[in-house]
Amino acid sequence: MSPGSASVGVDRQADIESGTYLLHGYGTNRLEEIQVTQYDLRVAGGVENHWDRDSFTSSAAYYFDRQHGSPVASSGELSVISKTELSRPVYVWGRKVKPVNPTKVTLNAEDPEDREKLKGFVQSCFKRAIPNERYTFQFLNEIVRDEPAFAGDEFAAHPKHDIKIQVTAGGRVLVHVESGFSIRSTSTLDELYSSGDNPYGKRVAHDPERYYNQGQGYLRGWSEYHYTDHISGAGSSIAEMHEGSVDEEWRQRLIEEDPKLLDVKYGDNVRRQAPHFLRLSPRTEQVKDLEIGFYKRFDRRSAMMPGERYELSTEFLGELSRLPVLEMDFEPGPRNAPYQFLQMRDVDRLVFGSERPARSPGKGLRNHGVYGSPSRYRVGVLIPEQWEESFGELTGLVARGLKEIGAPAGVTGYNYVLGDVSNYTPVVHDVHDETDAVIAIVPDKGASEEFGIDDPHKELKRTLLRKGVPTQMMQRSTVDELVGQRASIGNDKMLNVLSAVVAKAGGTPWQIDSLPGETDAFMGLDVTYDSSSGQHSGASASVVFSDGTTFAAESTTQQGGEKFAPRHVEQFVRDLVFDFAAEQGYEIDRLCIMRDGKISEDIDAVRDGLTEVDAEVDIVGVRKTGQPRIAYFDGTRFRIAEKGVGFVDDARSQAIVHAFGKPEIRDDNPVGTPRTFRLTKDSGPTDIVTLTRQAYWLSEIHYGSPVRSPRLPVPIKYADMAAEYVRKEFVSPGTVIKGPAYL
């Protein structure tokens, strides 16, 4: 039986009726009221002003838990809870922390703040139920089974589980097990290389089983030193430096063997290390380069279908012991309670040419054409001069395709020369002044470096957008495919391009007809993190009107963290919602703000920015990851569910939405089980069911993807893309981008 078609055991089939389910397990008993002891934290020297107090408290709870051998959880800033007495201090971030002022409290699951405390306490208990002899873990987001599921010569794939726990208003504990695979190196470098080999350039990491300090670097070859040699630049031998930081048995063994060392570049410094304490770093690009057969198997197995996901979570939950203190066991589910099933595609709300409805954007464009074509517009097609002979036909294909979807345009081809970045900046002056959008053909990602030229993508996009001309970038491989097939609107990739061009030129590919509720406009808020700089580099907002079509975006840059500054929220609301709406002749009486991620940390800042808004306001959070997936059970096995279904928990004002699934993807799709998103209402007049319906239909309005819906409501999607525009320097911070230039 293939992993994708894993069926439920015979003993379980009788318990599960056919239908659509949330794939999460549940605790066998309820936590309606739990008595605990709450402690304040006395920190020697106090907490630094720049420290995150919630993070400090979480760290303290972790160390108290380890010190006392009993579950401990956070209970707000500088406060923890436990069922047992906490008497010994711990050291947190270099400070001595004592538990003081013990107070007996009763936690009630009906109270939202108490539910968060209960969730933390369950998580602390949960860690003790995981069999240590079988799994390696520190936190619940990465529990790795020590026994591999499959292996190659140099790497092995180990089952990995990420646990998310929820406590319902009725005290039910829900457990979502997100399963996958973690790659580990099978050997230390002494088993892979001898002094006659050349391992230069390999990325390596410290072996956590032998070396207590984490570290990663790149090999620079063999050193002239051995393990016990005195190294003048270091002041001692590596053997002496390792005392107390590596497994002592291994250190003594290597002192006797005295092996030759490797030179390893850590950041900007080159240091020496014994190969016995190093493993190949399991980064996917290195795995792919060193062991392509294993990588292909890993890539194929990682895309799990619903059946295999269910089986893996069932296996893991079955291995748990009873939760200590709470005396709770877990059942694998599936179990939908306390959520109520919600079907949202019961009405065709998308309209196209001549106000004709359709079930999906792709079908609507092909059968009825665009809702509204731009009036008398021009499209430029930029083709590298070197590729004109091969791709010149694209200009005609674009003109024909636009006509087929009811948005005919004047399409003109232009050439530019691949080479230095200075070649790309003047291109904007060659494009006709009345050009409304440009399709630009660029090399595939990474190909420019191979040919010794500058990648034109960023410079073309930046210079054209500065002139007010939005661009649609197409990689060479995509164009090669479209031209080779003489693609029409029947080709998915061509339809995606044509839809985006129409929208960027000012047209309306399709609209939402009669969106549920009374909301006039939706604003998405997002903070983008740049991993290369370590900065939260773009805070952005986008506004979408209730028909889903007229919108703009704006960004700031260099945030101090994930929280919005009140002045930025106020600026976004003023610039995007009211000024832009006034330009469109659009009156806003009710506004819905969709915050990407958890909104509890930012709600005060958001409210401060809305004090002058004369409109009713809903505030909701949209969590993109970490939610249980949804699947359909046909009586024998779990399959991909229909898109446009969801589950609503009215007591907690939240919903889980399945916005991407059938009919767009099949059971044998290569990307596995679609992800869901969680919608949580913080405040406002609109009920959670209506907000859920609105969020789903707003996911169906992404003009750059008519063939496959992008599963997220466009206010969130577009805010994220606008922040990327600032981070990549396509536009300046504070610029209002009118229309979907960022698609």
Side-chain angles (χ1 to χ4, degrees), residues 288 292 295-296 299-300 303 360-367 369-370 379-405 407-409 411-418 424 427 437-451 453 455-458 460-461 464 470-505 509 660 663-666 668-672 702-710 721 740 742-743:
K288 186 176 182 180
I292 186 63
Y295 172 80
K296 288 181 177 179
D299 189 52
R300 184 175 64 252
S360 69
K363 186 175 292 186
L365 286 176
R366 287 167 175 146
N367 293 343
V370 301
V379 177
V381 180
L382 274 177
I383 303 175
E385 189 176 275
Q386 297 93 320
W387 301 344
E388 170 64 26
E389 185 175 345
S390 301
F391 298 147
E393 189 180 344
L394 180 66
T395 303
L397 293 179
V398 169
R400 187 182 70 190
L402 290 171
K403 184 177 180 180
E404 287 179 327
I405 61 172
V411 183
T412 305
Y414 301 91
N415 293 139
Y416 73 99
V417 179
L418 293 171
Y424 311 141
V427 169
V438 162
I439 298 173
I441 304 175
V442 296
D444 287 4
K445 187 175 181 180
S448 297
E449 296 178 4
E450 296 180 18
F451 292 104
I453 62 174
D455 190 342
H457 186 284
K458 178 178 178 179
L460 290 178
K461 207 167 188 69
L464 283 163
T471 55
Q472 177 68 26
M473 315 305 284
M474 294 181 67
Q475 294 191 30
R476 173 177 177 157
S477 58
T478 300
V479 180
D480 198 23
E481 175 186 332
L482 297 180
V483 170
Q485 298 177 2
R486 296 183 58 82
S488 65
I489 62 173
N491 182 286
D492 290 350
K493 293 180 181 178
M494 176 62 86
L495 191 64
N496 286 346
V497 171
L498 297 173
S499 170
V501 167
V502 169
K504 291 177 182 183
F660 178 45
E664 292 175 352
I665 57 174
R666 305 182 305 273
D668 60 349
N669 79 93
V671 296
H702 183 32
Y703 295 143
S705 183
V707 179
R708 285 195 173 190
S709 303
M721 297 171 81
Y742 36 80
L743 286 177

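Counting from 1, the numbers follow the sequence of the chain as shown.
Across all their heavy atoms, Val483 and Ser390 have their closest contact at CG1-O, 3.7 Å. In terms of heavy-atom proximity, Ala409 sits nearest to Val379 at CB-CG2, 4.1 Å. Pro456 and Tyr416 get closest at one heavy-atom pair: CG-OH, 3.6 Å. Smallest separation of non-hydrogen atoms from Leu365 and Ser499: CD1-CB, 4.1 Å. Of all heavy-atom pairs between Pro361 and Pro706, the closest is CB-O, 3.4 Å. Scanning all heavy atoms of the two residues, the minimum distance from Arg400 to Arg486 falls at NH2-O, 3.2 Å.
With sequence neighbours excluded, no residue satisfies ring-ring contact (aromatic ring centres under 6.0 Å, His included) with Tyr414. With sequence neighbours excluded, no residue satisfies side-chain hydrogen bond (donor to acceptor under 3.5 Å, both in side chains) with Arg708. Evaluation of the side chain to side chain contact (heavy atoms under 4.5 Å, CB included) rule for Val417 yields Glu385, Gln386, Asn423 as partners, not counting sequence neighbours.
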Chi angles and distances behind the side chain to side chain contact (heavy atoms under 4.5 Å, CB included) call for Val411, Ile439: CA-CA 10 Å; Val411 183; Ile439 298 173; over 6 Å; no

Please lay out, stage by stage, how Val502 and Ile405 fare under the test side chain to side chain contact (heavy atoms under 4.5 Å, CB included). CA-CA 10 Å; Val502 169; Ile405 61 172; 4.1 Å; yes

Go through it in stages, so that I can follow the logic: the residues are Val707 and Asn496, the test is side chain to side chain contact (heavy atoms under 4.5 Å, CB included), and I'd like the CA-CA distance, side-chain angles, deciding distance and then a yes or no. CA-CA 7 Å; Val707 179; Asn496 286 346; 3.5 Å; yes

Side chain to side chain contact (heavy atoms under 4.5 Å, CB included) evaluation trace for Leu418 with Trp387: CA-CA 10 Å; Leu418 293 171; Trp387 301 344; 3.7 Å; yes

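Of the residues Val438, Thr471, Ile441, Val442, the one that meets the side-chain contact (heavy atoms from CB on, under 4.5 Å) test with Leu460 is Val442.
Residue Glu664 holds its CD atom at 7.0 Å from OG of Ser360, rounded to the nearest 0.5 Å. One finds the CZ atom of Arg476 at 4.5 Å from the CZ atom of Phe391 (value rounded to the nearest 0.5 Å). Here the CG-CD1 distance, from Leu498 to Ile489, works out to 8.0 Å after rounding to the nearest 0.5 Å. To the nearest 0.5 Å, atom CG of residue Leu397 and atom CD of residue Glu404 are 9.5 Å apart. Taken to the nearest 0.5 Å, the NZ atom of Lys445 stands 12.5 Å off from the OG atom of Ser477. We find the CE-CG distance between Met494 and Leu402 to be 9.0 Å, quoted to the nearest 0.5 Å.
Side-chain N/O atoms of Lys493 and Thr478 include no donor and acceptor closer than 3.5 Å. Checking Lys504 against Gln472 by side-chain atom types alone, a donor-acceptor pair falls below 3.5 Å.
At least one side-chain heavy atom of Leu464 sits under 4.5 Å from a side-chain heavy atom of Leu382.
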